[in-house]
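In what follows, chains carry the letters A, B, and so on, assigned in the order in which the sequence lines appear, proteins first and then strands, with residues in each chain numbered from 1.
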There are 2 protein chains.
Amino acid sequence: MTARNKKLTVADVARAAKVSKATAARVLGGYGVTSERTREAVLQAAQDLGYRPNELARSVSTGRSGLIGVVVGDIENAFFARAVRGISDTARAAGLNVIISNSGEDLAQERALVSVLLRQQVQGLIVAPTDDGDVAHLAEAMASGTPVVTIDRWVEGLGADGICGDDRAATAALVAQMQALGHRRIAYVTAIRTPQPRLQSLAQVRIAAVRERIAGFLSAAPAGQDWHERVHTNATGAAAIDAIVARLLSETPGVTAILASDSLVGAEVFRALSARGIALPAQMSLVAWFDADWSRVTVPAVTVVDQPTHRFGALAAERIIARIGGETGPARHQRIETPLIRRGSLGPAPGD
Amino acid sequence: MTARNKKLTVADVARAAKVSKATAARVLGGYGVTSERTREAVLQAAQDLGYRPNELARSVSTGRSGLIGVVVGDIENAFFARAVRGISDTARAAGLNVIISNSGEDLAQERALVSVLLRQQVQGLIVAPTDDGDVAHLAEAMASGTPVVTIDRWVEGLGADGICGDDRAATAALVAQMQALGHRRIAYVTAIRTPQPRLQSLAQVRIAAVRERIAGFLSAAPAGQDWHERVHTNATGAAAIDAIVARLLSETPGVTAILASDSLVGAEVFRALSARGIALPAQMSLVAWFDADWSRVTVPAVTVVDQPTHRFGALAAERIIARIGGETGPARHQRIETPLIRRGSLGPAPGD
DNA sequence: ACGCCTATTGAGACCGGTATCACATAGTTT
DNA sequence: AAACTATGTGATACCGGTCTCAATAGGCGT
């Protein structure tokens, strides 16, 4: 019980219990066999001294750190926060600790973080890769024996398991549903950065999930139409999004519905629309990705594509645990359904 | 460059560079002196083999893990997510890694997590203690030489630095301001769990920050009045909050303003009010703690007590870094201003 | 009482690094 | 030329655990 200022070791406990270091270690480490008598003596001594095992030393000795590394775009974003929660709930239950880091959706940063985590001897990595065209660092991790699971974003050919939404199909279905409601001009707004304010080519989108969504969006275009110019990029921050909304509203014929590629964009679009007095859904429909807190509070509430990211996280953790446990076999691509949660912001197109 | 499947050690690099293990370690560890020639040879060999230092082994050898542990109520809560972001931004910049864990505001869980983190040899702990009356585990950590910083919640007598809001004063000032707007009956709604639906005694509130806020609230009561019964507890989940709002609305004379003790409560209160068609601020004023995303999106936008938790986090990390660096001296209690962000939801009391 | 088997224990190598110390080599000093 | 001093390097103990292996002790059959 007594808290000592010096770090206690098995040797100290052994001395106090009058047994050898090996025996004390067996009791304290929970391996090997000991008699009940010595077991109790050692535990008592450990208790009295306030012994606390050094997990690091144990790790270096066993080669198992009990750590998994997580790299997400931004924990502050509820999307990732919920996923991280899912990961750590599941990991913790399996006795694994989690080191979390933010890439800020920056490739160089992501590379650096992966490197740091590998040096920390993480036994597995869960990553939301910011650029699925450049995953050499992840491939290297896998090659050196550290399993990788991608979350939210599937990377073809990497060989890592992936837990993702069914982005392309869900988006295509969503757009079809909107078309059935009479929407002919739908805009897609995303934070993806491009030189121009509109998307030139799908290849500009390096985040797999967003590219899949946009691909689904583009695929819903009627024969002969090209919807690339309906994809508005660089939607980062209130000012930029305000400008995009202003631009959309001034188009002729007008846009009747907006898809917001994530919940941050969605919130700002909603704000810009209500600031301009646009009535939802009478004048404009809005659908956003991710069921963030704010989308249920607004009037009207906002229709969202529900991404159950806590589940994403839990499943990603399960995958990494399985791989750490030695599971082999081809990379598994788990697509999680992202159902539409229909709320007031989606209605028939005006005049339809 | 070549990724090997076996773990490489300094000994492997040494062999390849044809120097002793000691010399290779000097170069790779960046300590001691070596000639430029051997230095380059070693680095070249390390590069060729794809050597990656084992940070764990280094830690056990140096006694410095480069890890700090964080225990918060719930990372999924934007309040903590932002704080965690502040912590990791600052820690990372100082070369420290961060292990994050969720207590779920459960004391037993918090104790268990602190124990796990100490075993992981974290060099410091940043904790939002869930019960400031029972911090023996934190005291023990400090006694054994691991500095502790509390975040959001100050614990008197623990001896740990604390980064907190100026909860009591800010609340008292806020209530005074509301009284000046004519509000005579103000309700306080909190998720704190108590046997009764109203607060019996301040001592029931074990989370320091909330207790301070409620203390500020109670202190604003006019002489002779006791506001304990105006503090509604157990506001966890939509149903409970709906019931509380229903109860508030049926009181005579009616409540004219509500204080929501955190942003989750605030969002649900807002929802319950708009579901009942209560006009803000004409019929009811609302103020919530924390400037969450949703509070800027609603109509009217919600007045909030702005808790700059990213700064809380950054400052907490700075404190822990200073303590790790050997700073001594008495515990510092840093009170961060939590200014009111005045938005549409706060107006004069009806009929005032 | 003797031999065999098994339960328990201790000695010591090892994990992958750091850090101390002694020694060798080369360059200065007198 | 002998003595002296940097400078660079290797040998080796050590960090706090795990784990293998051999030695000891007690129990049981005959």
*More than 12 non-hydrogen atoms from neighbouring residues, nucleotides or ligands closer than 6.0 Å to CZ on A:Arg39, yes or no?*
no
_Test salt bridge (Lys or Arg N to Asp or Glu O under 4.0 Å) applied to B:Arg26 - qualifying residues, sequence neighbours left out_ = none
Might you list the N or O atoms of the protein lying below 3.5 Å from N or O atoms in nucleotides 19-27 of chain C, with each pair's distance?
none

*Would you please confirm or rule out a distance under 4.0 Å between OP1 or OP2 of C:dG10 and any side-chain N or O of A:Ser20?*
yes
*Would one find more than 12 heavy atoms of other residues, nucleotides or ligands at under 6.0 Å from atom CZ of A:Arg92?*
yes
*side-chain hydrogen bond (donor to acceptor under 3.5 Å, both in side chains) partners for A:Arg64, two or more places apart*: none
*asked:* On DNA chain D, compare the nucleotides closest to B:Val19 and A:Ala57; which residue's is nearer the 5' end?
replied: B:Val19
*Taking only residues two or more places apart in sequence or in another chain, which ones pass side-chain hydrogen bond (donor to acceptor under 3.5 Å, both in side chains) with A:Thr38?*
A:Ser35
*Name of the residue among B:Arg332, B:Glu318, B:Gln334, B:Arg311 meeting side-chain contact (heavy atoms from CB on, under 4.5 Å) with B:Ile163*: B:Gln334
_Span of DNA chain D, from the first to the last nucleotide whose atoms fall under 4.0 Å of chain A heavy atoms_ = D:dG16 to D:dT20
*Between B:Gln109 and B:Ser103, do the side chains contain an N or O donor and an N or O acceptor separated by less than 3.5 Å?*
no
*Backbone N or O of B:Gly104 within a donor-acceptor pair of the B:Asn102 side chain at under 3.5 Å?*
no
_So for the helix from C:dA1-D:dT30 to C:dT30-D:dA1, with five pairs setting each end axis, what is the inter-axis angle to 10°?_
50°
